[in-house]
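Worksheet: the structure to be examined is printed underneath.
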Amino acid sequence: MENISFDKVKIKKSMWYDLQKINGEKTINSVRNRFAETGRFDAFKCDWKEGMDKKPHFFWDSDVAKWIEGVAYIVTGNRNDELEKYVDDLVDLVEKNQHKNGYFNIFYTVCDPGKEWTQRKNHELYCAGHLIEAAIAYKKATKKDKLLKCMIKYADYIYKVFVEEKSASFVTCGHEEIELALVRLFYETNNKKYLDLAQFFIDMRGNNDKDFNADVSYEERAYDQSHLPVRKQFTAEGHAVRGCYLYSAMADLAKINSDKELFDACKSIFNNITEKRMYVTGGIGSSRIKEAFTIDYDLPNQYAYSESCAAISLAMFANRMLKLENNRIYSDIIEKIIYNAGISGISLSGNKFFYENPLSFGRKLNRQEEKFLETYGRKLPIRERVEVFECSCCPPNINRFFASIGDYICSQSDDTIFIHQFINSEINLDDNTILTIETDYPKNGSIKITYNGSKKISVRLPSWCENHKTSKKYTLENGYMNFGNIQDVTMDFEMKPVLVRACSKVYDDSGKVAVMYGPVVFCAEAVDNGDNLGDVSILTDGNFEIEKDDFTNFYAITADGKRLEEQTELYSKYIDNARKCKIKLIPYYAFANRGDSEMQVWLNVR
């Protein structure tokens with residue numbers, strides 16, 4: 001089974017149409033401007049010298065590469081001379097400053113020359129991987145292949161250093177990414193050398209004596225998933241983004257090579273993430289320390305790290321697993337991400353970002369109070385999105401994710417088209433047939449699918465849906481409704497507010513509920529409900545009212561609740577003095593867009 005590429009998909013008026021429009025008109029330029037101000041683009045001139053400001057960081061190449069990839073997806077089918085000129089100038093600088101042997105890395109060219117391939121933690125292969133992905137995307141979008149030629153030369157050099165000469169000081173990169181990029185390069189060039197190189201990096205991870213000294217602990221090795229050979233890894237460990245990039249490449253190779261052992265490892269890891277180490281929003285990586293998975297059910301809310309890139313990387317992993325096994329356990333997770341943690345990292349205005357995506361904000365603190373807590377190891381997430389970070393991997397990752405969201409809608413086998421996500425769109429298939437999905441999802445669950453080809457149609461039945469209707473009969477397999485060869489079908493998934501409970505082992509959520517409407521997670525903010533949200537409880541037998549909300553361009557939900565009278569004494573005898581109140585909830589992805597405010601996803605319940 002293969003994805004139907006986003007360039008075959010025309011997204012029409014819908015929530016995702018609006019998100020893509022903001023991304024293409026505002027976000028991509030905002031990220032460009034911030035990268036220009038911080039020196040990321042000028043760094044490609046490779047003329048920095050000691051004493052100058054804006055010293056290049058060892059991962060700046062990757063920040064810009066992701067931005068270029070985002071540009072490529074945005075200009076696909078809709079060329080943009082201004083953006084392309086900016087990219088073309090950067091490509092000229094890559095060509096000019098690439099070493100004769102093919103090597104290209106800004107940091108080691110101008111900041112630490114002579115130390116190439118000696119510092120495993122410094123992202124050389126990671127940066128190379130993102131540049132390879134950008135080169136492939138830009139060539140597909142524009143037919144311009146200068147950057148791709150540069151990166152092919154670079155990949156050939158990497159093969160020589162790591163496979164033929166074995167001259168590097170390490171065997172695998174501290175930050176995975178090169179592996180999945182090489183698989184893409186194999187598909188683009190049909191040169192098996194790049195597939196072999198990807199296989200080499202996968203097989204050697206956790207399986208060599210060169211990456212670590214003998215005294216390095218198991219826990220330190222687990223940080224970048226090097227604690228065991230990959231086929232013996234069955235739980236998600238370490239840095240969440242690195243992990244899911246690795247797992248994505250593992251899934252790619254499992255598919256290409258029909259490698260059951262690799263597939264079994266991927267499936268076990270995926271299940272561990274989604275059943276024991278994932279937030280209800282689809283966010284992953286609960287710990288600020290090392291941005292990592294920790295242990296099963298350790299999912300704190302106020303201190304949730306849940307990096308924006310991590311949610312995107314889990315969607316990438318799930319999408320690859322879907323190619324191996326058409327099962328809604330994968331497409332359900334993608335849906336959870338694309339309506340929650342995958343889009344909460346950007347402001348509604350499209351120009352400010354969160355790196356972390358917590359599920360709770362406590363009372364407001366002044367900066368002095370925050371700094372005092374930090375001295376005791378209690379660093380809280382920022383409470384308002386910003387335009388750029390020192391480590392600014394998330395903004396351009398959002399650029400490329402939003403622009404290529406069409407990749408997640410459909411896939412096809414020889415005889416069947418599988419519809420995974422319900423986005424109002426028109427899909428032009430390879431056999432010159434057209435499939436249309438007409439819907440205002442996720443505002444409502446009404447969907448009409450029209451198709452003029454000869455393949456069978458299989459449609460995901462979301463696991464959150466308790467009641468639904470369809471205009472045609474179907475058989476159910478792995479959570480997909482198989483309709484056979486049809487020209488049209490309508491379906492209606494009943495959408496209503498639902499209270500969701502967490503596993504009892506998730507301590508922070510014990511005795512609490514979250515509110516969901518279809519796939520969308522909701523939250524309460526003090527700006528709507530007053531301070532001290534911990535005093536508020538939602539009623540299980542109360543009424544829910546849904547109304548259009550202009551601010552979020554979605555819905556707000558009003559629920560019956562009770563609020564305890566405010567207590568000023570530190571401790572006093574409990575008296576149930578709760579009064580009736582109304583609780584207003586907005587989509588989680590829209591939190592922190594109206595200033596600093598308390599926020600909670602998980603609410604007390606009565």
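Atom set for the values below is all heavy atoms of this structure, side chains included, hydrogens, waters and symmetry mates excluded.
A distance of 7.5 Å separates SG in Cys391 from NE2 in His57, rounded to the nearest 0.5 Å.
A salt bridge is absent between Arg242 and Glu291: the closest approach of a Lys/Arg side-chain nitrogen to an acidic carboxylate oxygen does not fall below 4.0 angstrom. The existence of a salt bridge linking Lys66 and Glu133 is excluded, since no basic side-chain nitrogen approaches an acidic carboxylate oxygen closer than 4.0 Å. Between Arg383 and Glu356, no side-chain nitrogen of the basic residue sits less than 4.0 Å from a carboxylate oxygen of the acidic one, so the salt-bridge criterion is not met. One finds a salt bridge joining Arg367 and Glu374 here, because a Lys/Arg side-chain nitrogen approaches an Asp/Glu carboxylate oxygen to under 4.0 Å. Ion pairing of Asp53 with Lys55 is absent here, as no side-chain N (NZ or NE/NH1/NH2) approaches a carboxylate O to less than 4.0 Å. Comment: Asp576 engages Arg606 in a salt bridge, judged by a side-chain N to carboxylate O separation of less than 4.0 angstrom.
More than 12 heavy atoms of other residues, nucleotides or ligands sit less than 6.0 Å from atom CZ of Phe551.
Remark: side-chain polar atoms of Ser360 are not paired, donor with acceptor, to backbone N or O of Asn301 under 3.5 angstrom. Side-chain N or O atoms of Asn397 include none that pairs as donor or acceptor with a backbone N or O of Cys393 at under 3.5 Å. Of the possible polar contacts, none joining the Gln302 side chain to the Leu359 backbone as a donor-acceptor pair under 3.5 Å is found. Between the side chain of Asp18 and the backbone N or O of Met15 there is no donor-acceptor pair closer than 3.5 Å. Formation of a donor-acceptor pair under 3.5 Å by the Ser392 side chain with backbone atoms of Val388 is not found in this model. Remark: side-chain polar atoms of Glu179 are paired, donor with acceptor, to backbone N or O of Glu177 under 3.5 angstrom. Under a 3.5 Å cut-off, the side chain of Glu307 and the backbone N or O of Val241 do not form any donor-acceptor pair. Panel note: side chain Ser404, backbone Arg400; a donor-acceptor pair is recorded below 3.5 Å. With hydrogens and angles disregarded, a donor-acceptor distance shorter than 3.5 Å links the side chain of Ser313 to the backbone of Ala310. Put simply, the side chain of Tyr305 never gets that close to the backbone of Ile284: no donor and acceptor are under 3.5 Å apart.
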Working for side chain to side chain contact (heavy atoms under 4.5 Å, CB included), residues Ile338 and Gln421: CA-CA 10 Å; Ile338 68 176; Gln421 305 303 329; 3.9 Å; yes
Begin with the C-alpha distance, continue with both residues' side-chain angles, and end with the deciding distance and a verdict on side chain to side chain contact (heavy atoms under 4.5 Å, CB included) for Asn424 and Glu438. CA-CA 5 Å; Asn424 197 34; Glu438 298 176 67; 4.1 Å; yes
Would you check, one step at a time, whether the test salt bridge (charged side-chain N to carboxylate O under 4.0 Å, His left out) holds for Lys364 with Asp596? CA-CA 7 Å; Lys364 293 182 184 180; Asp596 188 345; 5.6 Å; no
Any chance you could lay out the salt bridge (charged side-chain N to carboxylate O under 4.0 Å, His left out) test for Glu598 and Arg363, step after step, and finish with the verdict? CA-CA 6 Å; Glu598 281 185 53; Arg363 65 181 178 87; over 6 Å; no
Hey, mind stepping through Arg579 and Glu565 against salt bridge (charged side-chain N to carboxylate O under 4.0 Å, His left out) and telling me if it holds? CA-CA 7 Å; Arg579 56 181 171 79; Glu565 294 295 334; 3.5 Å; yes
Please determine whether ring-ring contact (aromatic ring centres under 6.0 Å, His included) holds for the pair Tyr297 and Tyr507, giving the CA-CA distance in whole Å, both sets of side-chain angles, and the decisive distance to 0.1 Å. CA-CA 8 Å; Tyr297 308 111; Tyr507 185 79; over 10 Å; no
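In this structure, Arg385 forms no cation-pi arrangement with Phe353, as its terminal cationic atom is not both closer than 6.0 Å to the ring centre and no more than 45° off the ring axis. Figure legend: cation-pi geometry between Arg288 and Tyr303 absent, as NZ or CZ is not positioned both under 6.0 Å from the six-membered ring centre and within 45° of its axis.
Judged purely by distance below 3.5 Å, without hydrogens or angles, the side chains of Asp332 and Ser463 pair a donor atom with an acceptor atom. For the residue pair Asp407/Asn319, the side-chain donor-acceptor check at 3.5 Å is not satisfied. Using a 3.5 Å distance cut-off with no hydrogens or angles, the side chains of Ser308 and Asn357 do pair a donor with an acceptor. Side-chain polar atoms of Thr375 and Arg378 form no donor-acceptor pair below 3.5 angstrom. Using modelled atom types, one finds a donor on one side chain and an acceptor on the other under 3.5 Å when comparing Thr552 with Asp549. Residues Glu69 and Tyr73 bring a donor and an acceptor atom of their side chains to less than 3.5 Å of each other. Side-chain contact annotation: Glu237 with Thr235, donor-acceptor N/O pair under 3.5 Å present. Looking only at atom types and distance, the side chain of Asp296 has a donor-acceptor partner in the side chain of Asn272 under 3.5 Å away. Counting only N and O atoms by type, the side chains of Gln567 and Ser572 include a donor and acceptor under 3.5 Å apart.
Taking the centre of each ring, Tyr330 and Phe317 stay at or above the 6.0 Å mark. For Tyr555 and Tyr517, the distance between ring centers is under 6.0 angstrom. Not less than 6.0 angstrom separates the ring centroid of Tyr588 from the ring centroid of Tyr339. Aromatic ring centres of Tyr126 and Phe59: separated by at least 6.0 Å. Taking the six-membered ring for Trp and the full ring otherwise, Phe544 and Phe522 have centroids separated by 6.0 Å or more.
Residues Trp60 and Ile106 fail the side-chain proximity criterion, which asks for heavy atoms closer than 4.5 Å.
Here the rule is ring-ring contact (aromatic ring centres under 6.0 Å, His included) with Phe402, and of Tyr17, Trp16, Tyr408 only Trp16 fits it.
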